[in-house]
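Keep in mind that the numbers below use all heavy atoms, side chains included, and drop hydrogens, waters and symmetry copies. Just so you know, ligand 1 is whichever comes first in the structure, and atom 1 is the first atom listed for that ligand.
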Amino acid sequence: MPDVIITNGTIVSATGRVAGDVVIDDEKIAAVLAPGVADTVGLVADRTIDATGKYVIPGGVDVHTHMELPFGGTNASDTFETGTTAAAWGGVTTIVDFAVQRAGENVQDGLGEWHAKADGNCAIDYGFHQIIGGVDEDSLKAMTYLVDNEGITSFKLFMAYPGVFYSDDGQILRALQNAGESGAVLMMHAENGIAIDVLIAQALARGETDPKFHAFTRPADLEGEATNRAIQLAKVAGNVPLYVVHMSASEALEEVAEARHRGQNVFAETCPQYLYLSIEDQLAQPGFEGAKWVCSTPLRSKHEHHQRDLWKGLRMNELAVVSTDHCPFCMKEQKELGLGDFSKIPNGIGGVEHRVELLYQGVVNGELSLERWVEVCCTTPARMFGLGAKGSIAPGKDADVVVWDPNGHTSIGVDKKHHMNIDHSAYEGFEIDGKVDTVLSRGTVVVENDTFVGRKGHGRYVKRGLSEYLL
Ligand code: DUC
Ligand code: ZN
Ligand code: ZN
């Protein structure tokens with residue numbers, strides 16, 4: 001007898017929607033049946049979930065999170081336990097977090113540290129990318145080792161944050177060449193950090209210390225310039241797959257669109273904060289309030305059409321994925337480190353709980369189709385980063401499934417729906433015309449009836465394969 005059958009729902013995939021029943025056994029999807037077939041053959045499961053009037057979609061895959069990241073003199077406030085629990089509340093069943101190596105440190109030590117933080121603490125499955133903060137002979141060798149042995153097939157480099165994670169162009173080229181040889185994807189934080197540091201110093205010298213100056217000193221042109229440079233370096237390295245993270249500027253999007261049009265293997269993601277939030281409405285709020293929305297890349301002006309262009313980019317597949325860059329810091333004692341100096345505000349926004357919800361609102365608002373919602377939140381992130389068992393509802397895949405109620409409603413806010421370990425919500429007051437109803441992780445129900453019924457330790461480390469988007 002199968003473990004679970006989800007009946008009477010509309011199964012939505014990246015390519016269409018059908019009425020049907022999802023049969024789950026031994027953590028996997030055993031079958032997808034046409035309506036009535038289960039009755040005809042007398043199929044009964046241990047548990048039946050009635051999804052009448054609801055959508056049945058693959059569990060969300062968030063490929064950009066930073067649980068417990070040490071950054072800006074403090075640590076991101078979600079642990080792997082609190083962060084993955086909040087993710088489950090938001091219909092996410094897999095995250096890919098970033099293990100960290102800094103210049104002079106051993107890559108495997110950094111990875112070991114991340115395993116120690118996550119092991120036994122996650123409510124949902126998880127994988128790791130590896131940040132390479134110091135490209136040298138040792139870290140280049142380690143990259144190959146991680147691809148071959150550790151299930152880590154993507155590496156993030158930074159063109160920003162000189163003295164912290166920054167790589168120069170020569171280092172980037174070498175890492176790209178290495179990634180090309182091993183089949184890895186190179187992920188890039190594309191902002192010109194050297195120029196940004198000059199602008200920051202000049203702003204502070206003028207007494208411009210409020211949070212909004214974070215955005216003014218990280219102009220869209222410097223995101224566009226760095227994106228272009230990364231694209232050229234990837235081309236010179238032999239059309240190595242490049243994935244530009246947390247894109248916020250039209251200027252950067254244009255570079256990616258052009259490169260893709262030329263046939264280059266370049267991809268990009270954006271995040272809900274860049275689709276919905278702006279300098280004017282959030283970052284420039286009076287006093288220190290705007291610190292809540294200090295993140296990099298920064299929020300952009302709502303008068304410059306970035307949001308419109310990013311939504312269009314999602315529809316056109318110039319942007320392939322929506323992730324969150326979940327990197328939460330509380331106002332109290334964390335963001336407050338930057339009182340009187342915006343450059344000391346820890347960079348990051350918490351959002352892992354709300355990505356699927358916020359992007360569904362994009363469907364309601366006519367920005368995306370239902371299928372594209374599933375594609376950018378679930379299917380493409382899994383395929384992009386070698387999570388072969390995730391991101392689709394099909395026989396043999398992991399039974400990571402979300403029942404979504406289009407007639408439900410979600411009010412986001414600290415006193416409303418909010419399970420992340422952070423003392424404010426970047427999306428306070430947002431209303432969503434839909435709701436996470438039930439969430440299953442490998443066949444186990446982890447959220448139902450507005451209750452988290454999962455447990456820490458259920459989530460397993462997933463060794464990832466190579467990207468399905470390699471040429
Ligand atoms: N951007 C953020 O906002 N936080 C952490 C690191 C990053 O690149
Ligand atoms: Zn980044
Ligand atoms: Zn990040």
With no hydrogens and no angle check, do the side chains of Thr324 and Arg355 hold a donor and an acceptor under 3.5 Å apart?
->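 Side chains of Thr324 and Arg355: no pair found under 3.5 Å.
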Distance-only polar pair, side chains of Ser323 and Asp62, donor-acceptor under 3.5 Å =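 No, because no side-chain N or O of Ser323 sits under 3.5 Å from a partner of the opposite role on Asp62.
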Summary of ring-ring contact (aromatic ring centres under 6.0 Å, His included) pairs that have at least one residue in residues 278-305, sequence neighbours excluded |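 Qualifying pairs, neighbours excluded: none.
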Could you name each residue pair satisfying side chain to side chain donor-acceptor pair (under 3.5 Å) that touches residues 91-103, not counting sequence neighbours?
->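 Those involving residues 91-103 are Thr65-Asp97, Asp97-Trp114, Arg102-Glu105.
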I'd like the atom pairs linking ligand 1 to the protein - N or O on both sides, separation under 3.5 Å - with distances to 0.1 Å.
| from | atom 1 | to | atom 2 | distance (Å) |
| --- | --- | --- | --- | --- |
| ligand 1 | 1 (N) | Ser296 | O | 2.7 |
| ligand 1 | 3 (O) | Ser296 | N | 2.9 |
| ligand 1 | 3 (O) | Ser296 | O | 3.4 |
| ligand 1 | 4 (N) | Asn347 | O | 2.9 |
| ligand 1 | 8 (O) | His189 | ND1 | 3.0 |

Atoms of the protein (N/O/S only) found under 2.8 Å from the Zn ion (ligand 2) |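 Per the 2.8 Å query on the Zn ion (ligand 2), atoms found are Lys156 NZ, His189 ND1, His246 NE2.
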Test His64 against Glu269 for side-chain contact (heavy atoms from CB on, under 4.5 Å), laying out the working first.
-> CA-CA 9 Å; His64 193 150; Glu269 66 174 20; 2.7 Å; yes
Look at the rings of [X] and [Y] and say which category their plane angle falls in: under 30° parallel, 30 to 60° tilted, over 60° perpendicular.
X      : Y      : value
Phe385 : His129 : perpendicular
Phe128 : Tyr126 : tilted
Tyr427 : Phe430 : perpendicular

Ionic contact status for Asp398 with Lys390, cut-off 4.0 Å |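 Looking at Asp398 together with Lys390, the answer is yes, because their closest N to O distance falls below 4.0 Å.
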With the Zn ion (ligand 3) at the apex, how many degrees lie between NE2 of His64 and NE2 of His66, rounded to 10 degrees?
->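 Value returned, to the nearest 10°, is 100°.
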Is it true that a side-chain atom of Lys335 and a backbone atom of Ala291 form a donor plus acceptor pair closer than 3.5 Å?
->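 Such a contact is found between Lys335 side chain and Ala291 backbone.
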